[in-house]
Amino acid sequence: GGTEPAPEGEGEGEGEAGYEIAMITDIGSIDDKSFNQGTWEGIVAYAEENDITHKYYKPTEQSTDAYLAAIQLAVDGGAKIIVTPGFLFEEPIFIAQEQYPEVNFILIDGNPHNADYSVFRTDPNTVGILYAEEQSGYLAGYAAVKDGYTKLGFMGGMAVPAVVRFGYGFAQGAEAAAEELGITSIDLKYHYTGNFDATPENQTLAASWYAEGIEVIFAAGGLVGNSVMSAAEAAEKAVIGVDIDQSIESDTVITSAMKGLAASVQSALDAYYSGSFPGGESLIYGADKDGVQLPMATSKFKTFSQADYDKVFTALADGSIVLKNDTDAESATDLGLSIVKITLVD
Amino acid sequence: MNTERFKERGMLFLRSQGFNRASASVTAILSGLLFGLVILLISNPSQAFDGFLIIMKGGFSTGAKGMGQVFYFATPLILTGLSVGFAFKTGLFNIGAAGQFVMGAFAAIYIGVKWTFLPAPWHWIVALLGAALIGGLWALIPGLLKAYLNVHEVISTIMMNYIGMYMANMLVKATVYDSRKNLSMITAESSVLPKGGLDAVFHNVRSSGTLDYSTVNSGIYIAIVVAIIMYVILNKTTFGYELKACGFNQNASKYAGINEKRSMVLSMVIAGALAGLGGGLLYLSGANGRQLKVIDVLAMEGFNGIPVALLGLSNPIGIIFSAIFISYITQGGNYLQSMDFVPEVIDIIVACIIYFSAFALIIRNIITKLLKRKKSEGGEA
Amino acid sequence: MDYIIEMLNITKEFPGIIANDDITLQLKRGEIHALLGENGAGKSTLMSVLFGLYQPEKGTIKKEGKTVRINNPNDANTLGIGMVHQHFKLVHNFTVLQNIILGVETTKHGFLKMEEARERVMELSERYGLFIDPDAEIQDITVGMQQRVEILKMLYRDNEILIFDEPTAVLTPQEIEELMKIMRELSEEGKSILFITHKLNEIKAVADRCTVLRKGKLIGTIDVEATSKEEMSEMMVGRRVEFAVEKGEAHLGEPAFEVRELTVGDKHHAKKKVKDVSFTVKKGEIVCIAGIDGNGQSELVYAITGLMPIEKGQILLDGKDITHATVRKRNRDGMSHIPEDRHKHGLVLDFNLAENLVLKNYFCPDFQHRGFLKFDKIYEYADCLIDRFDIRSGEGLTTPARSMSGGNQQKAIVAREIDQDPDILIAVQPTRGLDVGAIEYIHKKLVAQRDAGKAVLLISLELEEVMNVSDRILVIYEGEIVGDLDPKTTTFQELGLYMSGSKRKERGEAV
Amino acid sequence: MDILFLVVQQTMFFSIPLLIVALGGVFTERGGVTNIALDGMMIMGAFTSILFINKMHGSMSGQSLLLIAILIAVVTGMVFSLLHAYASINMKADQIISGTALNMFAPAFAIYVARMIQANGVQQITFVNTFRIPKVPLLGDIPLIGGFFFRNAYITTYIGLAILVVSVIVLYRTRFGLRLRACGEHPHAADSVGINVYKMRYAGVVISGGLAGLGGLVFVVPTSTQFNATVSGYGFLALAVMIFGQWKPMRVLFAAFFFGLMKTVASAYSVIPVLNTLGISSDVFKMVPFIATLIVLAFSSKTSQAPRAVAIPYDKGSR
Ligand SMILES: Nc1ncnc2c1ncn2[C@@H]1O[C@H](COP(=O)(O)OP(=O)(O)OP(=O)(O)O)[C@@H](O)[C@H]1O
Ligand SMILES: Nc1ncnc2c1ncn2[C@@H]1O[C@H](COP(=O)(O)OP(=O)(O)OP(=O)(O)O)[C@@H](O)[C@H]1O
Ligand SMILES: [Mg+2]
Ligand SMILES: [Mg+2]
C-alpha cells in the first residue's frame, strides 16, 4: 500500500483481508476540522509510513449500541487496533474493551467508564488519551493579549468538557498577559453556539461581535470557525483557530490553539506496533508531552515572538503555571479573574 | 371446477387494488436498486456486485442481531411515517414531524428521568403517553391555525419544527441535562421499554459464547399495533370516514354536518401524537440506546417519515412494510462500509427508489393493462 | 352544397365505451345547427373532436371541402373554430379582459399590450350587446356574464365557426333570450354555429337544422321547421316524453317550515345579500323561489341550511326554532338539501358511490356500531338506492364519484336526499344539465314527495320548471321577496317582470 | 450606527437567498407544480458552483469568477429540476414524492461526488471568498444608504433584487407570465385556448430550479468559507417564505426581509442594546423569528390561497 493516495482503506495488503487500523468516527464527518479529522490524519500518517491497512467506519446513530455495532463491524473487518475520538466513546469502549480482549483501543478525549459514571476502568488493551486543552487555550489567550488585542471573543461549539477547557484556558492566558503588560482591562465575550456547524446564524453572531469592537474571536467549535472566518474577512478582524492548524483556511486566522491529536495518535500507534502499548493507562497530553501548541511558523503575530512563546510554553510544561480546568469552575465567570471582564452571552 | 375457481380467485386478487399498488411499489424498488447497482459500478467496479449483494442482504448481513437492528431503526420510522401518512390521508401535509418528534422525545425523557416514583410498567407507559400528548400538542397549534385562520400547514409546521428544536434544547438544558456529554440524562431503568421476548430471537452468539443482543425492544410491537389501529380508524370507523371526508372536500363535509374544523384539528393532533410517540419509543431504549443531543439541528427522523409514508402509499399497513424495508436497506448500506464505498451511496439508492415510486401511477396503469389483456386472452381461449 | 365544416364517419372510443360511433355531421355556412341527445350521447365528445381536444380513431374532418387535421385547439383556432365549453374554461382570478385575450395576446417584445386589446374587446362588446366589465375578476361576476365572456373570447379570435356546448343550462330566461338574439345576429353575419342543448324550445327558436345522437350513434339530421318538439324528443330518447308534469291538487297541511325576517350580510359590502325575508312552506306544498341568478338565492339557502351565518331572523322547522342549530341537527330534524354545486357541496368526489350515498347518515345506528362502519349494510343500502333511482356508473357502488357522469352524480345526490324522507326538501336547481328523461324523473320525485304530505322548497332559474312544478312562486329580487304568485294564474310575462324588479308586491302585503 | 449597518447588511445575507429561492417557488407553483425540492436544488447549485470556485482558485478571482459560478449554479439547478419536471409533468407523478426523492438525492450526491473527487475523501469543499465588495465606488459614500446597501456587499444582492423586478414584470406584464399563471389556476382553460400546458409547466419548474440553484450559491458565499452539502434547511424556509408571501413577488420580498431581519436580530441580539440586557437565553432568541412569523401569518392568512391547480398533474382527458 501507500503507493497512491486514495480516499480510504488504501494500502490493502495482498493476501491479508481487512483493515488493521480502524477508526470509528463520532457522529460528525471525517473532515470536521476537529477531533475526527485530527485523529484520522494521525492514523493516515502513521499507516502510510508503515504500510498498514486502515479504514474508518461511520456509526448509524449516536448511541452506545450503535458505536458498539460499528466497533463490531471494524473487528469483523479485521481491525487489530481501533481508534475512537470523542468522549461519547467512553461507555462503548468500557464495554468493548472487555468484549474484544484481543483488540486494542485508543480512546481520544476520554476514559472508559460505565453509564452512570460509577465505575471507571481502563483495561490493559485500552489507553485513554486526554489533552490539557486549557493549556492550549492559555497559549492562545496569552499570545493574543501580548500581541496587542484587548477585546476578545470566545465562541465554543457546545459546553462539553474539552471546549470548556479551551475557553477557561483562553481567559486565564489573557489575564496573565494583561498582568504582565500592566493592562487594566480586557473584554472577553463568551458564548457557546449550540452546534458545530457553519451556519449563517453563527456568521451573524460573529459579525455582530466584530461590529461591536471585538478584535479577535477564538472559535472552538469545528465548522463554527468557518462562519467566524467569513465574518472576520468582512470586518477585517482576526480569528484564532482550534484543534488543528487552520491558517490555510483563511488569512484571518492569526494562530490556532492546537492539540496534538495526530501526534498523540501516531505515538500511541507506534507504541502498539513496537510492543510498548501503554495499556490500562490514562494519558494526559499537555505541554510537557507536546500535546498542545501554537503553530508559530504559520502564526501572524505582530509582536509576539518565538521567544515569548517558548518562555510561556516551558512554564506550562514544567508545571510552573497551573491552570483551572472544567472541574474547577462552574462557569467562566467563576475563574476569579480580575483584569479580564467576561461577558457571558447565554 | 375447483381449480377454476381458484384461478378466478387468483385473478381477482391480481386485479385487486391492493395488489396493484403493492406491485407498483415493488417495481419502483427494483428500478431504484438497479440504478443503485449502476452507481456502485461507477464508483468501484471491482466490488460492485459484492457490494450490491451486501445491500440486498441488508439486516441479515450480521445475522439475527442485524435483523433486530432493522426492527429497532424501523420503529421510529413507522411512527413518523404514520404521522405523515395519516395527515396525507386526511388532506394535510405534515412536514412538522421533526418538531413533534423531538418534543415527544423530550417529554418521554423528562418523565423517564424524573418520575421515578412510578413502578416499572407504568413508568414507561406514562412516559410514552406523555410523548404522544406533547407531540399532539405541538401539532395542535398548526391545526388550530389552519382550521380557524387559514394558515397553510406546510409553513406553520416548518416554523414549529424550529421552535420545537430550540424548545427541546432549552428544556433539556434546564431539566435533564448531562453537561459532561451535552446529552440528556439516561432515563431510569423502570422507564426503559421491555425487550418483550425479542432478545431471545435477535441476538448473535460471540465466539466467546456470550450473547450479543440487538437494541430492538417492544417498541416495534407498539409501532405495529399503532399502525393497525390507524388502519382500522381510517378505514373502518365513522371517525375515519369523517376525517377523510374533510381531507377530500371540506365544503361537502360541512354540508354533510361534519364539524370540519374540529376534524382538521384532530387530524393534525393525531399526526403529531404519532410523531411524538415515535420520539418516545426511540429515546426510551435504555442506557445503551439514544439520548437527546442538545444541538441546533432538526431531527432527521421527522423528515425520514415522508419517504416512508410515500413509499407505503400513506396506507398504515403499507407504512409498516416500507419502514422496515428502508431500515433494512439502510442497514445494508451500513455494512457496505466494509468495502471501499462511500457510505452515502445508500442514500442515493433510497432516493432513487423514492423517485421511481413517483412513477407508480404509470406503472400501475401498465400493470392493469397487462392484466386486462391477459383476462381478455383468457376469455377467448 | 356549401358546407363549411364536414365531420365524416367520426368514431371516438373511450375505455369501455364508444362515445361517437361513425357519426357524420355537416355544417352549412351561416346556419345554426343544433345537436341534440341524452346525457352521455356523445355530443360534447364530438365537439371536442372538432375543437382538437380529442383525436378520433376513425373519420375525417373537412373544411370547405379540404381535409384538415385538428390536433389541438391551436389548429382549431387557425381554422377559425371557436368553442364555448359546457363547463366554462375561465381562470377565476383573472380579469375578464385577461381571460378574453389569453392565448392570443397582443404583445410587443413579449410585453403585453392590453390597451389595444381592451379597445377591441369593448368594441365587440358594444357591437353585439355583450355587456361586460373588462376589469372585473371572473370569480366576482355572475354566470351570465361569464357566458358573455366566453362568447367574446370566440369573437375576439375572429372565429367563423362557433360551437356552443349547452350554453343555456346556467342562464336565466332573460339571458337565454339575449343569447338567442346574439346567435341569430352572428349567423346573419355569416358565422356558422353548432349549438348543443337539451331544451327543445331553444332549438325551435333559433336552429335551422338539428342532428340527433343517441348512445353514441347518429339518429339523423332534420329540418327544425318541419319537425315537432315531440318528434325530436322521441328521436332523442327513443320513446315519448311527458313535458307537462302530471300533478293533482295540492293538499295543504300545517306549516312545515318557516323563515322570519331573515337577513344575511355580505363579507365585502355593507349591502345585504338577503334582506328581511319571511315565508312559510306548508306540508304538501311545493314552494318555488324564482329569480335571476345572483339575487340572493344561494345565500338564502346557505343560511337556511346552516352553511352560512345569518345576521338576524328566525328559522322554524315544524314549529321548532333551528336558527342556531348545527347542520347535523337540521338534517336530523328533517331537512334535506340538494345543493346548487354538486362538486363543491354535494359529493366527496374521491369517495366511491356507496360512501357518497351515506354521506348524510353514515353515523346512524343502521350503518355503524360503536363507531365502526357496517359496510355490508352500507352496500346493501347503496345497491338499493342505485336500483331505485337508476344511477348508472361503470363499477356500481364502488365507482369513484369523480368518474361518474354529471347526470348520474346528480341522481345520486337526489337519491340520497329524497331517501331521508325529509319534512322539508330544499332543492336547488335539481335538474341542472340533465336530459329530459332525467328531468321528468326528478320532477316526478318532487311531486311524489309533496303528495306524501312533505314540504318542498324549490329554487330554480328555469321558468318552465318553476311554472310546471310549483304550487306557489316567491320571486326574489336583490335579496328581497318581491312577489308571491300562483302559477296557475300567472303568465311567463308577469313572472319575468317580477324577476327583473320592474314589478313588486306592495309593502306589508301578506306572504 | 455600526450595529445598524451590520443588521441591515446581515439581513441581506439571510433575505436575498430566501427571496431568490422563494421567487423560484412562485414561478413553479404559479405554473401548477409544487416543488418541495427547492432545498435539494439549492444544494446542487451550491455544490457545483462552489466546486468550480474551488477548482478555479488561483487562476481566477473576484466578480468574474463569481459570475461564472452563478451561471453554473443556475444551469445546475435547471438541469436537476428537469428530473422533477419529468416526473411531475410527463409521468403525472405525485409531486411531493418526486420532490422528497430529490431532496434526499441532492446532499447524498454532493457528498458522494466530493468524496470521490477530492483528495483524502473530504466531503467539504472549501473556497476563498474574493467576492466581497468592501465599498461600492461612489454609492458607498452616500451617507446612511451607502452604509446600509453599498458597503460589505455582494453583487448577488443586487442580482437578487434585479430578479425580483424581473419576476414582477415577467409574471404580470408579459405573455409568458399570463400564460404561466393560467396553467397554475386552470390548465384546462389554458389548453383550450391553445397554450401548451406541459411546456409552460416545464418552464415554471426549470425557472425554479435555476433560481434555487443560484440561491444555494448566494446562501453559502457570504456566510462561510466552505460548503458541506447542506443549506441548513433554507429551501424549506424559502417554501415557507413563498407561502408567507402568498405567491406574490412583492409580498415575498416583504416576507423574506421580515424573516431575514428577525433571524439577524435573533443572532446578533448580544450586541443590540436593550436586547442584550434582558437576560433571556439564546434559545429563546433563536425561536423568535419562527414565532414572529407564525404570529404574522395568523393575522394575514385569512384570504391566502394557493394557485388552484397546484400539485395536481395535468391530464388532458380528466374533467
Ligand atoms: N374523458 C373521458 N374519458 C372516458 N370516457 C369519456 C370521456 N369523455 C366522455 N366519455 C364518455 O363518452 C360518452 C359521451 O360523453 P359526452 O360528454 O360526449 O356526452 P354528451 O352527449 O355531451 O352529454 P351531456 O348532455 O351530458 O353533455 C360518455 O358516456 C362518457 O362515458
Ligand atoms: N373518465 C372516466 N373513466 C371511466 N368511466 C367514465 C369516465 N367518465 C365517465 N365515465 C362513465 O361514463 C358514463 C357517462 O358519463 P359522462 O360524464 O360522459 O356522461 P355525460 O354525457 O357527461 O352525462 P351528464 O350530462 O350526466 O354529465 C358514466 O357511466 C360514467 O361512469
Ligand atoms: Mg356534454
Ligand atoms: Mg356531461
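Letters A, B, ... mirror the listed sequences (proteins, then strands); counts begin at 1.
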- Message: Report which part of D/Phe299 has an atom under 4.5 Å of a heavy atom belonging to chain B: side chain, backbone, both, or neither.
- Response: neither
- Task: Output yes when a side-chain donor or acceptor of B/Ser184 lies under 3.5 Å from a complementary backbone atom of B/Val172, and no otherwise.
- Result: no
- Looking only at D/Asp283, D/Ile291, D/Leu237, most heavy-atom pairs under 4.5 Å shared with chain B are made by D/Asp283
- What part of B/Tyr148 gets closer than 4.5 Å to chain D, counting heavy atoms only: side chain, backbone, both or neither? backbone
- Message: Looking at B/Phe321, I'd like to know if its CZ atom is crowded, meaning that more than 12 non-hydrogen atoms belonging to other residues, nucleotides or ligands lie closer than 6.0 Å.
- Response: no
- Message: At a 4.5 Å cut-off on heavy atoms, which part of B/Ile39 comes close to chain D: side chain, backbone, both, or neither?
- Response: both
- Message: Quick check on side chain to side chain donor-acceptor pair (under 3.5 Å): which of B/Asn94, B/Thr80, B/Asn161 does B/Gln100 satisfy it with?
- Response: B/Asn94
- Of all of D/Lys302, D/Lys286, D/Gln123, which one pairs up most often with chain B through heavy atoms under 4.5 Å apart? D/Lys286
- What part of D/Leu102 gets closer than 4.5 Å to chain B, counting heavy atoms only: side chain, backbone, both or neither? side chain
- Top of B/Ser43, B/Gly164, B/Pro142 for chain D proximity - count of heavy-atom pairs under 4.5 angstrom: B/Ser43
- Task: Look at B/Ala351, B/Cys352, B/Pro307, B/Ala309 and state which one has the largest set of heavy-atom pairs under 4.5 Å with chain D.
- Result: B/Ala351
- Item | Region of D/Thr293 that comes under 4.5 Å of a non-hydrogen atom in chain B | side chain
- To the nearest 0.5 Å, tell me how far B/Ser338 OG sits from B/Gln47 CD. 8.5 Å
- Tell me, side chain or backbone of D/Phe285 under 4.5 Å from chain B's heavy atoms, or both, or neither? neither
- Message: Using heavy-atom distances under 4.5 Å, tell me whether D/Thr303 contacts chain B through its side chain, its backbone, both, or neither.
- Response: backbone
- Item | Toward chain B, the part of D/Val284 with a non-hydrogen atom under 4.5 Å | both
- Task: Heavy-atom distances under 4.5 Å only: say whether D/Leu239 touches chain B with side chain, backbone, both or neither.
- Result: side chain
- Message: Need one label for B/Asp296: side chain, backbone, both or neither, based on atoms under 4.5 Å from any heavy atom in chain D.
- Response: side chain
- Message: Only pairs of heavy atoms separated by less than 4.5 Å count here; which of B/Asp347, B/Val151, B/Leu298 has the most with chain D?
- Response: B/Val151
- Item | Approximate separation, where rounding is to 0.5 Å, of D/Leu51 CG and D/Ile125 CD1 | 4.5 Å
- Message: Report which part of D/Ile36 has an atom under 4.5 Å of a heavy atom belonging to chain B: side chain, backbone, both, or neither.
- Response: side chain
- Task: For D/Gly40 and D/Asn103, work out which heavy atoms get closest and say how close.
- Result: N-OD1, 2.8 Å
- Measure centre to centre between the rings of D/Phe290 and D/Phe259, then say whether the value is under 6.0 Å. yes
- Message: As an exercise, state the distance from CE of B/Met268 to OG of B/Ser156, rounded to the nearest 0.5 Å.
- Response: 6.5 Å
- Query: How many angstroms lie between OG1 in B/Thr157 and CG in B/Leu145, if you round to the nearest 0.5 Å?
  - Reply: 10.5 Å
- Message: Please report the interatomic distance CD(B/Gln337) to CD1(B/Ile54), rounded to the nearest 0.5 Å.
- Response: 10.5 Å
- Step through it carefully: locate the ring centre of D/Phe47, locate the ring centre of D/Phe80, and say whether they are under 6.0 Å apart. no
- Message: Is B/Met167 in contact with chain D via its backbone, its side chain, both, or neither, using a 4.5 Å heavy-atom distance?
- Response: both
- Which answer fits D/Ser232, side chain, backbone, both or neither, if we ask what part of it has an atom under 4.5 Å from a heavy atom of chain B? backbone
- Note on the structure: In terms of heavy-atom pairs under 4.5 Å with chain D, the winner among B/Ile349, B/Val297, B/Ile158 is B/Ile158
- Message: Are more than 12 heavy atoms, taken from residues, nucleotides or ligands other than B/Phe93, located less than 6.0 Å from that residue's CZ atom?
- Response: yes
